[in-house]
Structure formats: C-alpha cells, structure tokens
Amino acid sequence: MSTVRVRFAPSPTGALHIGGVRTALFNWLFARHHQGTFVLRVEDTDKTRSTDESIRIILDGMKWLGMDWDEGPFRQTERMDIYRSHVERLLKEKKAYYCYCSPEELDFRRKEAMAAGRPPKYDRKCLSLTAPVEGRTPAVRFLSQDDGETIVRDLIRGAVTFENKQLDDLIILRSDGLPTYNFAVVVDDVTMHITHVIRGDDHLNNTPRQIQLYQALGHEPPAFAHLPMILGPDKTKLSKRHGATAVTEYADLGYLPEALVNYLARLGWSSGDQEIFSRDELIAKFSLDNVGKAPAVFNPEKLVWLNHHYIQQADPARLAGLLLDLLRKDGVVQAGKEPEGAWMQKLVSILTERSHTLLEMKTSSLPFIQDDITMDEKAKAKHLTPEVAPMLSELAASLRTLEPFTHDAVEKTFNDLVNARGVKLGKLAQPVRVALTGGTVSPGIYDVIEVMGRDKVLKRIEAAVGMIG
RNA sequence: GGUCCCAUCGUCUAGCGGCCUAGGACGCUGGCCUCUCACGCCGGAGACACGGGUUCGAUUCCCGUUGGGACCA
C-alpha cells in the first residue's frame, strides 16, 4: 500500500473555526494512524479576505491542539505559476477554452434559461469562438463532459452518482488571472500527491467536477471522504451567532486542548461505547470506517464535562502555570511577584475537583490570592450573625498558636470547638467559610484554612467579627 | 428552483437481519455521601420519523413520503 498523504487546507479569512478544526483533526488522525504525511496548505487566493493575521491564528490553533504537520504551510498565492501552466496545458489540449462573456451577460442568460424552465447552465457561447473578442479580457473555462455520469466513490458515503449533463463548464481561471477554488484544489492535490481527500460534506457537490479535472489532467483521483457537518443547537451550520466557534475562544474560556480534541473526535466518529480517549488511543483507533454520515449538533455541555475530566487528570504544575497566566492577564498577579510554585500547586490541588474550566478555577482562586475579598451580602446576613461571633473569636485564638498549621490540626481544632459548644460542625464551618472567602461555596474548610495561611485567615476572621460588631 | 447528502433518547452515539422488552455518554431527575458547593456512588424518566415492501424474522435491506442539511446560483 502506498504511503498515505493527506492535507488540511484552510482559507485564512478569519479565525480557525470548530468545523475546520474537526476536519483538520480527522486528517491528522488518519495520517498519524497510517504513519502517513500531513500537509498544511493555506488557500489564500482570495486576496481581499485573506490576511497574514489569520494564517498566524490558524497555525497557533493547530499547535495549541497538538496537530503537527509534516509539510507546509504552502500558500496558494506562491503557486500561481503552477496553476497558470496547468491552465495553459488544458488550453493547448483543447480541454479548456477562453470565455469572453461578462458577468452581466451570464446573469441575464441564466435568468432567461430559468424563466424558460431550463437549468441555469453555461450555454457554451464562447466555445465556438475562433478569434478573441476585442476589448475584453477572457476567463478560461473547463470543457466538461456532457454525456454519461461521474461517480464519486466516497469512503464514507459509498458511490454517489452525478449526471454529467448537470455539470456545466466551470471557470478555472478568472479574467483577473486568479485560479478558481475548484481548479486550484485539484492542481494542488495532484502536485502534492495527496492520496486521501478528507473534507467537509459541503464539498461533495464539487467533487464530480474535480474528478473530471483530474481526468483531464491525466491523473487518477485520490480517495474521497466527506465528513458530516457540525451544526449549531438550531441544527443549522455552526456560525458566529451560536457563540464561541473559534478555537482561540475555547482557549480563552479555559478549556484544555485535550478536552477539545477528545470532544471533536467523538463528533461524527466513535469506537464502541468509549468516550474518553488519550491522544495515542485516538491515533490507534481512528478509522474512516467508524465515521458517521449524519450531521452532528455541537453540544457545549459535554465539552464542559470532558474539560472537567481532563482538569482532574492534568499535572498540577501545568494547571498552576495556566492559572498563573490567567491571573496575570487579569492583572491580579504582577509579573515578578508570582506566588511560590509549590504553594500554587497546593492551591490548584484543592480547586481542581470543582473546576469545570480554568476560568472557574481562576475565580475560585481569588480569595487565596488577593488581599481583599468580595463579601456576598446575602451570605453575610445569613451566616455572620451575632451568636457566632464568640465562637469565631475563640477559633481565631486557637488558630493563632496552632502548630503545625495543617489540614489535620485545623480539623482537630474545629472538632474540639464544636464538641465543647455542643453545636454541629456546619454551625461553625459555614460562618468561617463566609468570613474567609466572602461566599458560601469553597473547597473543604480545613483545606481552605491551610492553603490560605495563618495571616489571611486570622485577619479575615477578625474582620468578620468586627463586622458583626 | 435544480443537484446531492442525511434520518436511533433533548444532544453525541452503539447497533452492520434474530444477542434489542434497543446499549453507553452528556444533560435532566430521585437518593446516598457531606462543613458549603462540587466530586463520587446507586436508581429513574427518555429514541429506532412515517408508510409500503423483501424475509420465517426487520432499528438493521429496498422503495416512497415527510423532515433536515449542503452545494449551485
């Protein structure tokens, strides 16, 4: 079997989109599974909408997700000579012809055809031309077959048949000298020796034309695999109005790349009942045979669940680093004045369990990092009442001299205190929690006290007592 | 409008003629655990779009209908 060569070919006209990432992922997994080559190609012929900034964002997104490429990134704008020489060849072989029709004329005739109930297909007016039309720059059209049918043998859909008479002579080179999408793709895939074209479903209708181009160019078409689309909750094509759709946004929202990869892999692909896949498992188990045909709705809740799972699995040192990045970004922590690494890891370890995203973790870390807390008035009214003040004072007194200042020792202090007073633990723990964090939700109170440290703890309990005053 | 694709719980999916009174996961929900919130554990509700065939037997094969999507303009 020949070596597998696949490609991902995004247009740099904006952010790296979730749908695009899934396509990239399946190509990447396919390549890695078969120990093949993964080519990255930037389809930037649309000069008005393509930007270098977009290219950078796309490459960053790929790197963030751990999808490395073996060749490229190639840019179509650097390959114009290649497209033109292929156009020349087709013209010479009479497989293409110049077309001088203006957009207005084409539009008029199209409407005319439709009004007459005929398919709006190019009428080959210019095919019979023997001399150039004065004062006009021609486009080049591909002379397609009008008899028989073209069959797309798709690895996911099976054989899909198109009648050739439905296909019209597509423009391969525009009058401004730029190749059209369908032509550039074919030339690129031929010259880059792509063996498997794995792409979105939205290109299935383009495929028969492309197959004809392969044939005209004298090349065997690659294998095709058309992936089902990813839809928004309203079952239409995923787009901006569905919320976050760019990979970078997920990074900013506090998602781990492995969570996004795992989630995207399971969108349209499955391996029995398994939900959690490591990168290596994905590579080992990925197969086009297990890709579904139906479009999939993007479900943010399941992504959150996976993210939570991967946060639990992640190395605390790594999480501490990511958390620090977020804190720095918000200006909560200044560069050069970061808390000690070991302490950050301890903090992370008590926050991990209830963090579904890094953003959540950042929020819950604030009482431990900042000098001041934001007091939730409702929590204060409910828990910081006059009758708990003496108990809080007593606790502060005990904690002032407690050695060692650890989870277990703090626990003993709490137990002694509530036993002596004959109250339930919650009667003490909740007021302390509110005093220390400003709210009613936090990790276990002994953990909170140990990690927060004696100074902050005493200061805040005393402040709470003062507030009850 | 034409062409093409698709159709299992709300969502992601398993199922490739009998193992299915349809399995798993997210979400929802009842309970347990418990210093709060989570986590975790145990339980529950919840789907084969419809109609014809084929077959001893259809979620599974074929046809049609309906519904959704994409592409071309």
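Every value quoted in this text rests on a predicted model; they were computed, and no experiment measured them. Below, chains carry the letters A, B, ... as their sequence lines are ordered, and counting in each starts from 1.
- When rounded to the nearest whole Å, the span between CG of L425(A) and C1' of rU36(B) equals 11 Å.
- Here the separation of rU60(B) from rA22(B), taken at their P atoms, is 16 Å to the nearest Å.
- Using a 4.5 Å heavy-atom threshold, the side chains of L322(A) and M361(A) count as separate.
- The listed nucleotides are rA25(B), rU36(B), rA70(B); the one nearest the side chain of Q430(A) is rU36(B).
- Between rU21(B) and rG64(B), the two P atoms lie 30 Å apart (nearest whole Å).
- The phosphate of rA14(B) has OP1 or OP2 within less than 4.0 Å of a side-chain N or O from S270(A).
- One C1' atom belongs to rC71(B), the other to rU29(B), and the distance between them is 43 Å to the nearest Å.
- A 3.5 Å limit on both hydrogen-bonding distances identifies no Watson-Crick or G-U partner for rU36(B).
- The partner of rG46(B), taking Watson-Crick or G-U wobble pairs whose two distances both stay under 3.5 Å, does not exist in any strand shown.
- Under the Watson-Crick and G-U wobble criteria, each requiring two contacts below 3.5 Å, nucleotide rA7(B) is paired to rU66(B).
- Out of rC71(B), rA38(B), rC12(B), the shortest distance to the side chain of E275(A) is found at rC12(B).
- Each of H407(A) and H308(A) has a nearest nucleotide on RNA chain B; the 5'-most of these lies closest to H407(A).
- Residue R157(A) places its side chain closer to rC6(B) than to any other of rC6(B), rG24(B), rU13(B).
- Listed nucleotides rC4(B), rC35(B), rC6(B) differ in distance to N205(A); the shortest reach to its side chain belongs to rC4(B).
- Remark: R209(A) fails to qualify as a cation-pi partner of F142(A) under the 6.0 Å distance and 45° angle criteria applied to the six-membered ring.
- A 3.5 Å limit on both hydrogen-bonding distances identifies rC72(B) as the Watson-Crick or G-U partner of rG1(B).
- Between W269(A) and F277(A), the ring center distance clears the sub-6.0 Å criterion.
- Comparing rU3(B), rC37(B), rU11(B) by their nearest atom to the side chain of V297(A) picks out rU11(B).
- Here F286(A) and F26(A) bring their ring centres to under 6.0 angstrom of each other.
- Taking atom C1' on both nucleotides, rC20(B) is separated from rU11(B) by 22 Å, rounded to a whole Å.
- Annotation: rA38(B) and rG31(B) have their P atoms spaced 14 Å apart (nearest Å).
- Taking atom CD1 on I156(A) and atom P on rA7(B), their separation rounds to 12 Å, with Å as the unit.
- Between the C1' atoms of rG17(B) and rC56(B), the separation comes to 12 Å (whole Å).
- Base-pair partner of rU55(B): not found among the strands shown (Watson-Crick or G-U wobble, both distances under 3.5 Å).
- No contact: P208(A) has no heavy atom under 4.0 Å from any strand.
- A straight line from CZ of R433(A) to P of rA38(B) spans 12 Å, rounded to a whole angstrom.
- Contact annotation for S271(A): no contact, since no heavy-atom pair falls under 4.0 Å across all strands.
- Distance check on atom C1': rG69(B) versus rC63(B) gives 22 Å, rounded to whole Å.
- Distances from the side chain of A294(A) to the nucleotides rC71(B), rA7(B), rA38(B) place rA7(B) closest.
- Summarising the geometry, the separation between NZ on K424(A) and P on rU36(B) is reported as 10 Å, rounded to the nearest angstrom.
- If you check rC4(B), rU11(B), rC39(B) against the side chain of N299(A), the one that comes closest is rU11(B).
- At the heavy-atom level, L267(A) lies under 4.0 Å from the strands shown only through sugar-phosphate atoms.
- To the nearest angstrom, C1' of rU36(B) lies 13 Å from CG of D447(A).
- Comment: D416(A) engages K412(A) in a salt bridge, judged by a side-chain N to carboxylate O separation of less than 4.0 angstrom.
- Comparing the C1' positions of rC39(B) and rC50(B) gives a spacing of 44 Å, expressed to the nearest Å.
- Atom CG of L204(A) and atom P of rA70(B) are 14 Å apart (whole Å).
- Of the candidates rC5(B), rU3(B), rC12(B), rC5(B) carries the atom nearest the V160(A) side chain, counting heavy atoms from C-beta on.
- What separates CZ of F277(A) from C1' of rU13(B) is a distance of 11 Å, to the nearest Å.
- Among the atoms of the strands shown, none is found under 4.0 Å from any heavy atom of G200(A).
- A residue-by-residue look at P228(A) and R354(A) shows that P228(A) has its nearest nucleotide of RNA chain B further toward the 5' end.
- Salt bridge annotation for R141(A)-D168(A): absent, with no cationic side-chain nitrogen under 4.0 angstrom from a carboxylate oxygen.
- A distance-only check finds no donor-acceptor pair linking the side chain of N262(A) to the backbone of E258(A) [under 3.5 Å].
- The side chain of Y446(A) approaches rC35(B) more closely than any other nucleotide in the set rU36(B), rC35(B), rU13(B).
- When atom types are taken as modelled, the side chain of T437(A) and the backbone of R433(A) share a donor-acceptor pair closer than 3.5 angstrom.
- Residue R266(A) has its side chain nearest to rU13(B) when only rU13(B), rG2(B), rG27(B) are considered.
- Rounded to whole Å, the distance from NZ on K293(A) to P on rA14(B) is 12 Å.
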